[in-house]
Amino acid sequence: MSLRQGDVPFPSDDKRWRLVNATMRRHGFQPEALIETLHTVQESFGYLDDEALRFVSNSLRVPLSQAYGVATFYHFFSLKPQGKHSCTVCMGTACYIKGGQAIVDAVGKAFNVEPGKTTADRQLSLLIARCVGACGLAPVVLIDNEIAPQASIEELPQRIAEVISRAEL
Amino acid sequence: MLNYEELTEIGAAERAAAQQYQHRVSVCMSAGCLSSRSDQIKDALETHAAEKGLGKACQIKGVGCMGPCAAGPLVAVETDNVLYRNVKVEDVSDIVQSLGTRPVERLVMPTNTPFFSRQVKIVLENAGRIDPERIEDYIAAGGYKALFRVLTELMPVGVIAEITRSGLRGRGGAGYPTGLKWSTVAKAAATKKYVICNGDEGDPGAFMDRSVMEADPHRVLEGMAIAAYAVGADQGYIYIRAEYPLAIKRIEKAIRQAQKMGVLGKNIFGTPFSFSVDVRVGAGAFVCGEETALIASIEGRRGTPRPRPPYPAASGLWGYPTLINNVETFANVPTIIRNGSEWFSRIGTEKSKGTKVFALSGNIKNVGLIEVPMGIKLREIVFDIGGGIPDNRVFKAVQTGGPSGGCIPAEYLDVSVDYESLSQLGSIMGSGGMIVMDETSDMINVARYFMEFSMTESCGKCIPCRVGTAHLYDLLGKFVEGSATPNDLTLLEELCDMVRHTSLCGLGQSAPNPVLSTLHYFRQEYLDRIAAVSQNGAEHIVVGE
C-alpha cells in the first residue's frame, strides 16, 4: 500500500523540511501546490537539490519529471547553491539605456565572475534581474537584495568588497 | 455582518481621527523611495516629533507612490500643503521644526508644475495619500462603497452594463473591451467560475501595477470582488511576480484585513454573495503574463501557453470559465461604479476612455509614475510632464509596450495617446512602460536588447518563437557589429514576418515589433551598418547557416 499524502518521510531531520511540509499541507497536498512549495524550498534552503525535488514530487504525487520541468522553467528557481553574497544588476529597459551592461562588465571583471555564475570561492554570485520595477533609480544594482542607490561603476566593486569583508569579521 | 452604516462610520471615524492632528506628514513607502531608505526617514520623523513634544499632535504615516520617483525619498506635509524631495535623515529635524510655519525652502518640490497639473488621477487617486496597510484609510477615502452599492442595488447584468457603457478597455495592453469580456464569462454556464488578476508585470521598464498594488491594494481587491459578482465567481487569484515582494506583502495584508472586516469572504455585507482571494506568486517567467500560460502556472505547471480558442472565458482555470484582467483594469472599476459610467466616458477619446498609468523612464528629467487622460499628445507627456530630455540632448524616440511594442520617433510626437493611434504607428499602448531615448541611443542595439529578452523568455513550445527569436537575435548582432550584408537585411525582414504570423502566443507574435518599428523609422541606421562594411573594404563576414 502506498503512503498516505503527507506521509512521505523527510529526507533528513533538518527542521527546514517542516516549513516545506507546512506549505504543502496548507494546500492539501494538491499537485497544484508545486510552485508554491518550490518557493518555500528555495526560500529555506537557497536552492533546489535532487533530494528536495524528489521529496516534493513524492509528497504532491507529481512525476519527478514535472517537478524538474517546473524547477528549470522558471528563472526564480536555482538548482545550484548561490554564493554567500549576491550582486544583482537590473537589466530592465530603463537600466539598460542608462548603462546596466557596463555595470555587469565592471563587476564581472573585478570579481572574475560571469553573469549568472558564482565566484570560485562561493562568496559572490553575479545575477541579472529582469526589471526590479525601480526604474526611477536606474541603473539599479542590488547587493544582497538591497538596492544600492546611485552606485557609480568606479565605487561599486569597492562597495561589494566591503560587504563581503564585513560579513567575514 | 458589516452594513452600510458601519462602513460609513469607519470612514467617518478615520477622517475625524486624522483631523485631530495638528500636522499630518506622509512619507512615501513604495519600493522606489523605500530603497532610498525612506523607512529611516519615517522613523526619524517620529523620533524628532516625539522629542519636540509633538507626538500626539503630529500624524506620520507611510503612503504609497507619490509619482516623481527619481526625486525620492519624498515627504509630504499635508497640513502645510508642501512636498519635500530628496529628503535625508539629516533634514528631518528641520522639517519637524518647520511644521506649521515656513517650509524648508531647500527641500521644497514645486507642485504647480505640469508634472502634477497635467495628470488626471483615477487609478492613482489614493496613491501617495492613504496608508496602504490600513483598510480604514481606504474606507475613509470612499473605499468599498462601490462594492456595497453593487451588491445591494445592482443585478450582475446591471454591473456589466455599467462597465460596458463606461467604455473601459483592458489595461494590460491589448485593449479588449472589459464589459464584453465580463459578459462572456457571465453568460458561460458552469458550476464554478474564477476571477484572476494579472499582476505579472513583466515588461522591463514598467512598474505601474507594482505601484498600484503597493499604494492602494484594497482598490484592486474591490475591483475583483465587483467583477466576481458580475460574472458569478466565488474565488479569485492575484498572480504577482516574485520580484515584487512588497506588493505581495501588502496585497496579502489587505486580503487578511478585508476578510476580517467582512468585505471579502462569506456573505459579504449580509448578501448571499461570497468571494475569497488568494495570492499566487510567479517564479520569474515573462510568458506567464499571457493568460493561458498564467493559468498553467496557477495550476502548478510550466507556464506554457496553449492555442486559443477555447478562451479562458469559456475554459480557463481547471477548465472552468475564468475572467482575467490586469491590475490597472480592476483598479478602475470601483471609481467607475462610484462616479458612474457617464462620468468615466467623458474622459479620453471616442474609442479609448478614461486614463492610463505610465511608468515614465529613460533619458527624461522627471522619471516616475504618471496617470494621464487618454488622447493626450505624446509631446505633452515627454516635454511637459516629463520635463524634456536632460543634459541638453535631443529627443530621439519613445519606446512603448516593451518587448512587444515599438518606438515612436520625433516626427510623430503629436500623436494622440490612445489604443488605435499608437498601433497605427506600429507601436502599442502596452501595459504602460514608456521609455524615452535621446540622440545617443543606438536603435539597433535597443532592438537587439528586446530580442534578447524575447529569446530568453520564449517558453520553447512553438518553433517560430523558440528558433526564430534566436536567429533574429544573431542577425541583429551582425548589424550591431557592422558585419551585416544586404542579404541579412532581407533575411531579417522575412524572418520578422514569419515569426509574427506563425507563433502560438502573443509573446512570439509581437517579438518582432521592436525590430519592425526601428526598421521602419530608423532604416538608415541599419543601412549604415551595411554600408560601413563595404566602404571600409573590409571582408564580408558571412556566417554560414
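Worth knowing before you read on, the calculation uses all heavy atoms, side chains too, and leaves out hydrogens, waters and symmetry mates. Letters A, B, ... are given to chains in the order of the sequence lines, protein chains preceding strands, and every chain is numbered from 1. Here the structure is a predicted model, which means the values were calculated and not measured.
Between the side chains of Q82(A) and S78(A), a donor-acceptor pair is found at a separation under 3.5 Å. Between the side chains of S12(A) and D14(A), no donor N or O sits under 3.5 Å from an acceptor N or O. The closest side-chain donor-acceptor pair between E201(B) and N326(B), if any, does not fall under 3.5 angstrom.
Note on ring orientation: taking the six-membered ring where Trp is involved, the planes of F55(A) and F10(A) are perpendicular (angle over 60°, cut-offs 30° and 60°). Using a 30° and 60° split on the angle between ring planes, Y237(B) and Y194(B) fall in the tilted class, from 30° to 60°.
Of the two parts of I298(B), only the backbone, made up of N, CA, C and O, holds a non-hydrogen atom closer than 4.5 Å to a non-hydrogen atom of chain A. Heavy-atom distances place the backbone of A206(B), and not its side chain, under 4.5 Å from chain A. R37(B) touches chain A through its side chain: at least one heavy atom from C-beta onward sits under 4.5 Å away, while N, CA, C and O do not. In this structure, the portion of M437(B) lying under 4.5 Å from any heavy atom of chain A is its side chain and not its backbone. If you measure heavy-atom distances from N445(B) to chain A, the contacts under 4.5 Å come from both the backbone and the side chain. Proximity to chain A is absent for every atom of S30(B), based on heavy atoms less than 4.5 angstrom apart. In this structure, chain A has heavy atoms under 4.5 Å from both the backbone and the side chain of C459(B). In this structure, no portion of F286(B) lies under 4.5 Å from any heavy atom of chain A. The part of R210(B) that comes within reach of chain A is its side chain, from C-beta onward, which places non-hydrogen atoms under 4.5 angstrom from that chain. Interface remark: S211(B) contributes no atoms to any contact with chain A (heavy atom separation under 4.5 Å). For chain A, no part of E214(B) is nearby; none of its heavy atoms comes within less than 4.5 Å.
A side chain to side chain contact (heavy atoms under 4.5 Å, CB included) with V70(A) is found for one member of Y74(A), Y68(A), F73(A) and no other, namely Y74(A). Remark: of the listed residues S361(B), C407(B), S441(B), S361(B) is the sole one forming a side chain to side chain contact (heavy atoms under 4.5 Å, CB included) with I435(B).
Around the NZ atom of K461(B), the shell of radius 6.0 Å holds more than 12 heavy atoms that belong to other residues, nucleotides or ligands. Around the CG atom of D13(A), the shell of radius 6.0 Å holds no more than 12 heavy atoms that belong to other residues, nucleotides or ligands. Within a 6.0 Å radius of NZ in K80(A), no more than 12 heavy atoms belonging to other residues, nucleotides or ligands are found.
Counting heavy-atom pairs closer than 4.5 Å to chain A, the top residue among V367(B), V281(B), D209(B) is V281(B). Counting heavy-atom pairs closer than 4.5 Å to chain A, the top residue among G303(B), A359(B), P245(B) is G303(B). Chosen from M208(B), E457(B), R302(B), the residue pairing most often with chain A at heavy-atom distances under 4.5 Å is R302(B). Most heavy-atom pairs under 4.5 Å with chain A, from the set G362(B), A285(B), C33(B), G300(B): that is G300(B). Note: E36(A) leads Q101(A), E36(A), Q66(A), M91(A) in heavy-atom pairs under 4.5 Å with chain B. Contact tally against chain A (heavy-atom pairs below 4.5 Å) for Y244(B), F207(B), Y449(B): the top residue is Y449(B). Here A283(B) is the residue among A31(B), G402(B), A283(B), S297(B) with the most heavy-atom pairs under 4.5 Å with chain A.
Within the 3.5 Å criterion, the main-chain N or O of W318(B) finds a donor-acceptor partner in the side chain of E299(B).
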